[in-house]
Amino acid sequence: MSIIETIYKHRKHRVCVGNNGVQKIWNRYSFWTHASDVEFDDGSTLEEKISNVKGTTNDINAEAGYAADVSLVRSIRDALKNLIDGLSNAVSGINNRLGGLTFYEDSNGKWVVGADSVPKKLGSGMKPQSEWAVVGEEWFGDNSGVPGGHSGSLGNFVGKQGGYILESKGWHYVLAKDYDIKLLREDYSQLTADNFAIKVISYRYAIDNIGHDNDVFDLSGPSVHAYDPTTGTLTVKSEGYFTNTPAGGESVTLKLKIMVCE
């Protein structure tokens, strides 16, 4: 059968424990648990625990010992949310700028891969020379006359080495040459212009001229003009200065090493 019970609070009773001749002496027994009677595992009482709390505060710079007010907890929560949202937006922006690149790590180190690129090992600065394959090494022109003319090496570059004039700028020219990367790389269709590097090995200046002692001219350095992944054709360009007049000749030529990343 069910039990009917009533819960009484704030109840106490007294027990007479003696008489001092004037009055009786009573012990009072409370049914309430006193804070000083509740003991924790570390030996301290509830009263001691509570007494260590100095109060509540909404000041984030308050000294130790105060309990945080709910308004302070809410402001910290909102600040953390704003920080997380900001970081998420930053990461999304970085991912968008990566353009589909992904990263992984194999036994040789960390690599980066994209839809239009072959794996590239991550690292700082230029890759070690051992990680580059030489596509070609040659002079882009030389110390003789105008391109295509005379019997010197510049004529050889245009006429015999397969080079050509990309642009004529008066006494200096933009020379170019195409290289077939299919002969070096089976994955040529996955390469981009960023997979190639050009190093200036040497430069040559020659003069046999009268009346041009104060000439000043600027030449841009060598670079990858274009790379066609469908044909594997790499086009390298470099500027050179060449003049050949009755008064004499003058030339500035670069020797280039063209390389592709292993």
- Hydrophobic cluster mates of W26, side-chain heavy atoms under 4.5 angstrom, ILVMFWY only, any path? none
- Query: From L184 CG over to M259 CE, what is the distance, rounded to the nearest 0.5 angstrom?
  - Reply: 13.0 Å
- Item | Exercise: identify the closest heavy-atom pair between K257 and E137 | CE-OE1, 3.2 Å
- Query: Hydrophobic cluster mates of L166, side-chain heavy atoms under 4.5 angstrom, ILVMFWY only, any path?
  - Reply: Y164, V174
- Query: Could you go step by step and tell me if I201 and L256 meet the side-chain contact (heavy atoms from CB on, under 4.5 Å) rule?
  - Reply: CA-CA 6 Å; I201 300 299; L256 307 180; over 6 Å; no
- Message: How long is the straight-line distance from NZ of K237 back to CG of L175, given to the nearest 0.5 Å?
- Response: 12.0 Å
- Item | Trace of the side-chain contact (heavy atoms from CB on, under 4.5 Å) decision for C261 with F196 | CA-CA 6 Å; C261 177; F196 299 92; over 6 Å; no
- Message: Just so I know, are the side chains of P229 and Q190 near enough to count as touching, which here means a heavy-atom distance under 4.5 Å?
- Response: no
- Message: Nearest 0.5 angstrom please: R77 CZ to N82 CG, how far?
- Response: 10.5 Å
- Correct closest heavy-atom pair for Y173 and S168 would be CE2-OG, 3.4 Å
- Audit row: Y227, Y188, side-chain contact (heavy atoms from CB on, under 4.5 Å) steps and yes/no: CA-CA 10 Å; Y227 179 70; Y188 66 90; 3.5 Å; yes
- Residues in side-chain hydrogen bond (donor to acceptor under 3.5 Å, both in side chains) contact with Q23, at least two apart in sequence or another chain: none
- Query: In chain order, what residues pass the side-chain hydrogen bond (donor to acceptor under 3.5 Å, both in side chains) check against T233, with sequence neighbours excluded?
  - Reply: T231
- Mind checking the CD-NE2 spacing from E167 to H225? Nearest 0.5 Å is all I need. 9.5 Å
- Item | Considering all heavy atoms, the nearest S71-D69 contact | OG-OD2, 2.7 Å
- Got V224 and T235 here, is their nearest side-chain heavy-atom distance under 4.5 Å? no
- Task: Apply side-chain hydrogen bond (donor to acceptor under 3.5 Å, both in side chains) to K81 and list each qualifying residue two or more places apart in sequence or on a separate chain.
- Result: D85
- Approximate separation, where rounding is to 0.5 Å, of L234 CG and I198 CD1: 7.0 Å
- Residues two or more places apart in sequence or in another chain: which of them pass side-chain hydrogen bond (donor to acceptor under 3.5 Å, both in side chains) with Y179? E138
- Query: Do side-chain atoms of D78 reach the backbone of S75 as a donor and acceptor pair under 3.5 angstrom?
  - Reply: no
- Query: If you measure from CD on E239 to OG on S223, what distance do you get to the nearest 0.5 Å?
  - Reply: 9.5 Å
